[in-house]
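Heads up: the structure comes next, in structure tokens.
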Amino acid sequence: MFQAAASRCVVTPSPLLPVTSGATACRPAHKKLGELEARIAVVSSEQTRIAFVSVPFLGFPARLCQKVYEKVSGIPPENILIGATHCHSAPDPYGFPDHEGNYDVDLAYLDATCVKIAEAINAAVDALQPAVLKIATGEAQGKLAYNFYAPELFDPRCHVIQALGSDKSPLFTLVNYAIHPEVLLHQEVCSPDLVGPLYDRIDELQGGVGVFMNSAQGGMITADIRTPDGDREEWSECVRVGRTLADEALRIVGEAVEQPEPRLYVTSHSLLFPVDERIGAMLTLLHPETRFAESPVQELETRQHLVNIGNAQILTIPGEALPNIGFYLKRNMRGEHNLLFGLTNDAFGYILARVDYDSFARYEYITETCMHEEMGEILMQESLRLVQTHPEPEKGGG
């Protein structure tokens, strides 16, 4: 029997903490606009149980994921996928130093947040109930996203996974779309940015618990808040973009065929990325635990997941893959619906293909924040090996 459930928990700090917009010093937060929430969807079939967890942070390092795993019962650690929304107005989960080497990361807050997330996962496990699944893919319409470097080079597809309970009402609606939630990038506020209104709209339309998993949004797929007079970095734009994306997701999944007994399959493997010398020195400073290491980081290990759920296939990406990498991976995956969960179980910055790395001036910034020239090649090669050496999803939804 296929089962599903969802849960949520508020992780807004009280009092407010400084917020980070990227690999730079934090800025103070004087007010909040919306609540920071972790959202969880759990699915179960036969002996397989998987948790999809969305957290409202710039990224969620593996060391924090491990703290969550340790407190979860009922789901093995290797079946828990924790993806960051890539919110640019939430507390710093890394410990980015300022120009003087100081940092604003609050370790006690992060520890408490990991406990809350684990408790919410456990609550979803306890709430599992018989369910059916709907999965759909469609092009999201409206003024939502664009590529800051090349406006038309982005993936307009929105993938949606929705679980329905025995009364046919949605238990959760998982939205997978590539976009930077950074409308409020330069404001001194704590906010989930556009993801908050996305969740509110799904709630309003009775779509169950909204769960947002970002996709291949590197290079730089951001919210389209452009006007003839410049960007509108306002809460009203967060509301417009978030509500529009929610409307489109529910429209796309609305006509999908129900999958009453979708099969589940999950596996993972280790990825080892080399680290360029200039990046290694920065990474050595990044976490308080490694701040006083004697030598720069030379390589980093992480895990990549492959999930088959009904007629869909999911690959996780430990960072911000550029859209051309995203298109390539989706084209070579084996589901009727192919989803990429970016910034999941780690977030190692931008991931470029070798031919894009340091090739032209427009990509100077994303080259500087990419760990190594070979990172994209390793990701693509290992992703396809994972896809090709494991079972493909069922056809037609079972």
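Only heavy atoms go into these numbers, but all of them, side chains included; no hydrogens, no water, no symmetry mates.
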According to a hydrophobic-cluster definition based on side-chain heavy atoms being under 4.5 Å apart (Ile, Leu, Val, Met, Phe, Trp, Tyr only), do Leu36 and Leu17 belong together?
yes

Quick test of your reading: applying side chain to side chain donor-acceptor pair (under 3.5 Å), list the pairs with at least one residue in residues 187-204, sequence neighbours left out, ordered by first then second residue.
Arg8-Asp203, His30-Glu188, Ser54-Tyr199, Arg201-Glu204, Arg201-Asp247, Glu204-Arg243

Using atom types as modelled and distance alone, determine if a side-chain donor or acceptor of Ser7 lies under 3.5 Å from a backbone N or O of Ala120.
yes

Would you say CD of Glu70 has more than 12 non-hydrogen atoms from neighbouring residues, nucleotides or ligands within 6.0 angstrom?
yes

Exam field: side chain Thr344 to backbone Gly342, donor-acceptor pair closer than 3.5 Å
yes

Do Ser166 and Gln129 meet the criterion of a side-chain donor-acceptor pair at a distance under 3.5 Å?
no

Gln162 and Thr173: side-chain donor and acceptor closer than 3.5 Å?
yes

Does Asn147 use its side chain to pair, donor to acceptor, with the backbone of Met220 at less than 3.5 Å?
yes

Under 3.5 Å donor-acceptor, Tyr109 side chain and Val11 backbone:
yes

Measure from the side-chain N and O atoms of Asp346 to the backbone N and O of Ala62, and report whether any donor-acceptor pair falls under 3.5 Å.
yes

Under 3.5 Å, is there a donor-acceptor pair linking the side chains of Ser169 and Asp167?
yes

Would Arg362 and Phe148 count as a cation-pi pair here, with the cationic atom under 6.0 angstrom from the ring centre and within 45° of the axis?
yes

So, His180 and Glu320: side-chain donor and acceptor under 3.5 Å apart, yes or no?
yes

Are a donor atom and an acceptor atom from the side chains of Glu182 and Thr222 found within less than 3.5 Å of each other?
yes

For the side-chain contact (heavy atoms from CB on, under 4.5 Å) test, which of Asn176, Leu306, Ile161 pairs with Ile314?
Ile161

What's the verdict on salt bridge (Lys or Arg N to Asp or Glu O under 4.0 Å) for Arg303 and Glu78, showing C-alpha distance, side-chain angles and the deciding distance?
CA-CA 9 Å; Arg303 296 206 69 77; Glu78 61 271 19; over 6 Å; no

Do Glu394 and Asn311 have a side chain donor and acceptor closer than 3.5 Å?
no

Any link between Ile325 and Val355 through a network of hydrophobic side chains (Ile, Leu, Val, Met, Phe, Trp, Tyr) touching at under 4.5 Å?
no

Criterion side-chain contact (heavy atoms from CB on, under 4.5 Å) against Val183, the qualifying member of Glu237, Arg232, His88, Glu234:
Glu237

Lys143 side chain vs Asp224 backbone, donor-acceptor pair below 3.5 Å:
yes

Run the salt-bridge test on Glu248 and Arg251 with the 4.0 Å N-O cut-off and return the result as yes or no.
yes

For Asp155, give me all partners under salt bridge (charged side-chain N to carboxylate O under 4.0 Å, His left out), at least two apart in sequence or on another chain.
Arg157, Lys330

